[in-house]
Amino acid sequence: MTGEPVVLARGVRMSYGDTEVLRGVDFSVAPGEVSCVIGPSGSGKSTFLRCVNGLEPVLGGSLRVLGEEVGHTLRDGKYHPWTPKRFAEFRTKIGMVFQRFNLFAHQSALDNVACAPIHVAGMPGDQARELAMEHLARVGLADHAHKRPHQLSGGQQQRVAIARALAMSPTLMLFDEPTSALDPELVDEVLEVMKKLALDGMTMVVVTHEIGFAREVGDTLTFFDEGVVVEQGPPADLLAASKHPRTKAFLSSVL
Ligand code: ADP
Ligand code: MG
């Protein structure tokens with residue numbers, strides 16, 4: 001799939017009941033790209049990420065992720081819907097980090113990170129814990145491996161959540177406002193880890209209001225509003241001279 005976008009959305013639609021939340025989203029992410037997404041609350045950013053990893057069905061348009069149409073395979077001229085097993089398999093290739101870290105409260109950082117390799121990938125425990133240690137070291141938490149979530153700061157917990165997502169060697173990482181729940185003094189340590197990941201060449205979609213991160217690390221900045229992509233471009237261009245009044249209004253509220 002050389003050259004093919006990692007994510008290619010064309011006219012993606014999605015509704016909750018009668019409420020249309022995505023109204024024709026056009027969006028693409030190239031291999032190795034860091035794609036930052038901003039937009040007002042309720043504009044459909046989280047829903048779009050959930051469609052990308054197959055947690056919500058796409059009701060119209062086309063959404064190709066990692067070279068496949070999410071949710072079904074076209075074979076012999078017919079659509080074959082994915083089985084739950086197929087969805088689960090697909091999701092192992094995509095790491096997701098949420099605003100709330102959702103760590104297992106009764107397990108150590110190490111066990112949180114080793115969990116999916118053991119229970120999803122079937123890796124032997126010793127090997128999974130060794131791998132987990134490597135990923136914890138990568139996010140600067142080797143010394144905290146045996147602590148439970150409540151013994152860690154919010155920033156450290158979020159770094160564990162990132163290590164946990166990385167443990168399955170994903171091809172694509174999705175971040176949904178990963179620093180929004182953190183005290184301001186803990187934001188930078190998480191952004192630093194994400195920046196390192198970007199420099200390592202990871203393909204990332206990052207929904208964030210951290211404009212400084214988008215400017216410094218992002219290759220593209222996309223502005224979502226009312227279920228569509230209003231504007232997309234290099235972060236510096238969009239931030240210096242957005243063409244759309246809604247983007248301008250939003251930026252002036254967060255800058
Ligand atoms: P954002 O992440 O940009 O804040 P969301 O994708 O979370 O936006 O939400 C988009 C719209 O969909 C909002 O109006 C929200 O109220 C609605 N919504 C989100 N999740 C659900 C759900 N599970 N059921 C019904 N409506 C939902
Ligand atoms: Mg959201």
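None of the values given here were measured: they were computed from a predicted structure. Just so you know, residue 1 is the first one in the sequence shown, and it goes up from there. Both counts, for ligands and for their atoms, begin at 1 and track the order of listing.
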Exercise. Okay, side chain of Ser15, backbone of Asp18: is any donor-acceptor separation there less than 3.5 Å?
Worked result: no
Exercise. Is the count of non-hydrogen atoms from other residues, nucleotides or ligands lying under 6.0 Å from Arg10 atom CZ greater than 12?
Worked result: yes
For this session: Would you indicate whether the side-chain heavy atoms of Cys51 and Val25 approach each other to under 4.5 Å?
Result: no
Exercise. Do we see a donor-acceptor contact under 3.5 Å between the side chains of Thr47 and Glu56?
Worked result: no
For this session: Using modelled atom types only, decide if a donor and an acceptor are shared between the side chain of Arg91 and the backbone of Asn53 within a distance under 3.5 Å.
Result: yes
Give a table of atom pairs where an N or O of ligand 1 lies under 3.5 Å from a protein N or O.
| residue | atom | partner | partner atom | Å |
| --- | --- | --- | --- | --- |
| ligand 1 | 2 (O) | Ser46 | N | 2.9 |
| ligand 1 | 2 (O) | Ser46 | OG | 2.8 |
| ligand 1 | 3 (O) | Ser43 | N | 3.1 |
| ligand 1 | 3 (O) | Ser43 | OG | 3.4 |
| ligand 1 | 3 (O) | Gly44 | N | 3.1 |
| ligand 1 | 3 (O) | Lys45 | N | 3.0 |
| ligand 1 | 3 (O) | Lys45 | NZ | 2.7 |
| ligand 1 | 4 (O) | Gly42 | N | 2.7 |
| ligand 1 | 6 (O) | Thr47 | N | 2.9 |
| ligand 1 | 6 (O) | Thr47 | OG1 | 2.5 |
| ligand 1 | 8 (O) | Gly44 | N | 3.2 |

For this session: Ignoring hydrogens and angles, tell me if any N or O in the side chain of Arg159 forms a donor-acceptor pair with the backbone of Gly140 under 3.5 Å.
Result: yes
For this session: Just jot down the side-chain hydrogen bond (donor to acceptor under 3.5 Å, both in side chains) partners of Thr208, sequence neighbours excluded, or say none.
Result: none
Exercise. Just checking, any donor-acceptor pair under 3.5 angstrom between side chains of Ser62 and Glu69?
Worked result: yes
Seminar exercise, completed: The ring-ring contact (aromatic ring centres under 6.0 Å, His included) partners of Phe224 (sequence neighbours excluded) come to Phe48
For this session: Could you pull out the N/O/S protein atoms under 2.8 Å of the Mg ion (ligand 2), ignoring any water?
Result: Ser46 OG
